Amino acid sequence: MEETNLNQTIRCIVKLGGAAITCKNELEKINEENLDTVSSHLRQAMNLGSCSKQVMGMDWSKRDGVSDISSSLCDFGDQCQFNVDFSRFVVVHGAGSFGHFQASKSGVHKGGLNQPLVKAGFVATRISVTTLNLEIVRALAREGIPSIAMSPYSCGWSTSERNVASADLLGVAKAIDSGFIPVLHGDAVLDDRLGCTILSGDVIIRHLAEHLRPEYVVFLTDVSGVYDRPPTDPNAVLLREIAVDEDGKWSVVKPTPQSMNKQVEITVAAHDTTGGMVTKISEAAMIAKLGIDVYIVKAATSHSLRALRGELRHDIPDDWLGTVIRFSR
């Protein structure tokens with residue numbers, strides 16, 4: 001694995017959850033409202049200059065509903081009024097309603113690239129996830145964020161039995177040092193044992209955090225954080241703080257264990273196993289073990305904006321809704 005030598009430290013790695021930026025029950029449909037709000041929040045969090053400065057939109061390509069692309073350029077007479085000095089972020093997004101259908105129907109995640117259906121599914125999955133990646137890069141660019149698409153497969157990421165075997169960390173570091181915001185995503189990649197598999201955004205985040213050592217990590221989701229059971233359950237309790245010890249084991253700090261009955265604890269384990277949240281928590285726990293705070297919070301809310309800005313680095317305010325995962329020193 002190549003070493004990275006950054007000129008400056010990374011401030012934040014952000015995971016845009018697929019369920020938060022797409023309509024998960026509609027095939028390949030973006031949640032435009034959420035994506036626009038998240039992009040605006042990212043600009044506010046990254047912007048090191050005055051909030052009064054105008055946005056220099058960077059999407060100069062034609063898109064639906066906009067007939068004249070030159071309008072983006074007409075106000076650039078006085079370039080001093082624009083701010084393009086952004087703090088050092090990395091963005092990774094999930095697939096949501098993009099890619100999952102193609103991957104599951106063809107079995108790409110299981111490997112077997114020699115099978116015609118799997119090979120076709122590999123191509124179809126990448127078409128879908130890179131389509132979403134382009135739209136996210138364009139949304140960020142319209143907010144004046146100098147975002148650069150860095151698709152894992154195209155940038156040389158690969159796995160061995162689903163574990164990261166190679167990754168273009170140097171390319172990510174160079175992009176950051178050049179003033180760009182890299183935008184990666186969950187992708188179909190080659191695997192030296194299985195032939196191919198799916199490399200998830202959560203695994204990418206953890207790998208980047210290990211090597212780039214950001215100040216903090218934010219997971220933007222479609223719910224307020226981690227719950228003790230499915231959040232649709234009226235009795236669901238938001239787990240506000242989770243501590244991770246040196247062995248990587250995690251435990252709930254807030255609310256206190258005394259206020260949670262044993263039935264809830266049993267339900268947590270069952271829900272984690274079947275609901276997929278256990279993977280997110282385990283990846284977040286490995287990041288927290290490095291001494292990096294992780295915030296899991298609902299996207300496009302005032303709570304997520306506070307997390308993105310780094311306002312929660314010490315004590316968590318009582319009025320903040322979300323889950324923080326920290327190393328137990």
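Counting from 1, the numbers follow the sequence of the chain as shown. The structure presented is a predicted model; accordingly, all values stated were derived computationally and were not measured.
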Practice task
Test side chain to side chain contact (heavy atoms under 4.5 Å, CB included) on V297 and L321 and set out the steps.
Solution key: CA-CA 7 Å; V297 59; L321 289 181; over 6 Å; no

Practice task
Using atom types as modelled and distance alone, determine if a side-chain donor or acceptor of D245 lies under 3.5 Å from a backbone N or O of D247.
Solution key: yes

Handout entry: Pair T37-E33, side-chain donor/acceptor within less than 3.5 Å
Key = no

Practice task
Hey, could you give me the CH2/NE2 distance between W320 and H303, rounded to the nearest 0.5 Å?
Solution key: 9.0 Å

Handout entry: Euclidean distance, S39 OG relative to I145 CD1, rounded to 0.5 Å
Key = 6.0 Å

Practice task
Decide yes or no for E135 and R63: does some side-chain heavy atom of the first lie under 4.5 Å from some side-chain heavy atom of the second?
Solution key: no

Completion exercise
Joining Ile, Leu, Val, Met, Phe, Trp and Tyr whenever any side-chain heavy atoms lie under 4.5 Å apart, the cluster holding V129 also takes in none

Exercise for the section: Taking R11 for its side chain and R309 for its backbone only, find out whether a donor-acceptor pair lies under 3.5 Å. Expected result: yes

Problem - Side chain S304, main chain A299, donor-acceptor under 3.5 Å - result: no

Handout entry: Residue that, paired with S151, satisfies side-chain contact (heavy atoms from CB on, under 4.5 Å) out of D187, L184, V189
Key = D187

Practice task
Assign the ring pair H93 / H185 to parallel, tilted or perpendicular, where the plane angle (0 to 90°) is split at 30° and 60°.
Solution key: parallel

Fill in the blank from the handout: In terms of heavy-atom contacts, I292 and A209 come closest through CD1-O, 4.0 Å

Exercise for the section: Quick one: pull up OH in Y216 and CG in D293 and give me the separation to the nearest 0.5 Å. Expected result: 10.5 Å

Completion exercise
NZ (K254) and CG (D318) are apart, to the nearest 0.5 Å, by 7.0 Å

Problem - Residues in side chain to side chain donor-acceptor pair (under 3.5 Å) contact with D192, at least two apart in sequence or another chain - result: S160

Fill in the blank from the handout: What one should report as the nearest heavy-atom pair of V223 and P231 is CG1-CG, 3.8 Å

Handout entry: S106 side chain near L117 side chain, heavy-atom distance below 4.5 Å
Key = yes

Exercise for the section: State whether the side chain of T125 and the backbone N or O of G121 hold a donor-acceptor pair below 3.5 Å, judged by distance alone. Expected result: yes

Handout entry: Close side-chain approach of L42 to E143, heavy-atom, < 4.5 Å
Key = no

Exercise for the section: Check the surroundings of atom CZ in R193: do more than 12 heavy atoms from other residues, nucleotides or ligands lie under 6.0 Å from it? Expected result: no

Handout entry: CD1 on I242 to OG on S328, rounded to 0.5 Å
Key = 13.0 Å

Problem - Nearest heavy atoms of A288 and I325, plus distance in Å - result: CB-O, 3.7 Å

Practice task
Could you tell me whether a side-chain N or O of Y295 sits under 3.5 Å from a main-chain N or O of L220, the two making a donor and an acceptor?
Solution key: no

Practice task
Indicate whether the side chain of S282 and that of R206 have a donor and an acceptor atom separated by less than 3.5 Å.
Solution key: no

Check residues 13-24 and write down every donor-acceptor pair under 3.5 Å in which the side-chain atom is one partner and the other belongs to a residue at least two apart or another chain.
unit_1	atom_1	unit_2	atom_2	d
K15	NZ	D202	OD1	2.7
T22	OG1	G18	O	2.7
T22	OG1	S97	N	3.0
K24	NZ	D222	OD2	2.7

Handout entry: Transitive ILVMFWY side-chain link I198 to F101, under 4.5 Å
Key = no

Completion exercise
Correct closest heavy-atom pair for G144 and M58 would be O-CE, 3.2 Å

Practice task
Please report the shortest heavy-atom distance between V244 and F327, naming the atom on each side.
Solution key: O-CD1, 3.3 Å

Problem - Donor-acceptor pair, side chain of R88 and main chain of T9, under 3.5 angstrom - result: yes

Practice task
Quick one: name the residues clustered hydrophobically with V123, using the 4.5 Å side-chain heavy-atom rule over I, L, V, M, F, W, Y, and just say none if it's on its own.
Solution key: I127

Fill in the blank from the handout: Between the OG1 atom in T159 and the CG atom in D191, the distance rounded to the nearest 0.5 Å is 3.5 Å

Problem - H41: side chain to side chain donor-acceptor pair (under 3.5 Å) partners, not counting sequence neighbours - result: none

Practice task
Taking atom CG of D315 as the centre, report whether more than 12 heavy atoms of other residues, nucleotides or ligands fall under 6.0 Å from it.
Solution key: no

Practice task
Name all residues meeting the side chain to side chain contact (heavy atoms under 4.5 Å, CB included) criterion together with H100; count only those two or more places apart in sequence or in a different chain, and write none if there are none.
Solution key: A95

Practice task
Check for a donor-acceptor pair, side chain of D168 on one end and backbone N or O of G156 on the other, with a separation under 3.5 Å.
Solution key: no

Fill in the blank from the handout: Closest non-hydrogen atoms of R306 and P317, given as atom of the first, atom of the second and distance, are NH2-CG, 3.3 Å

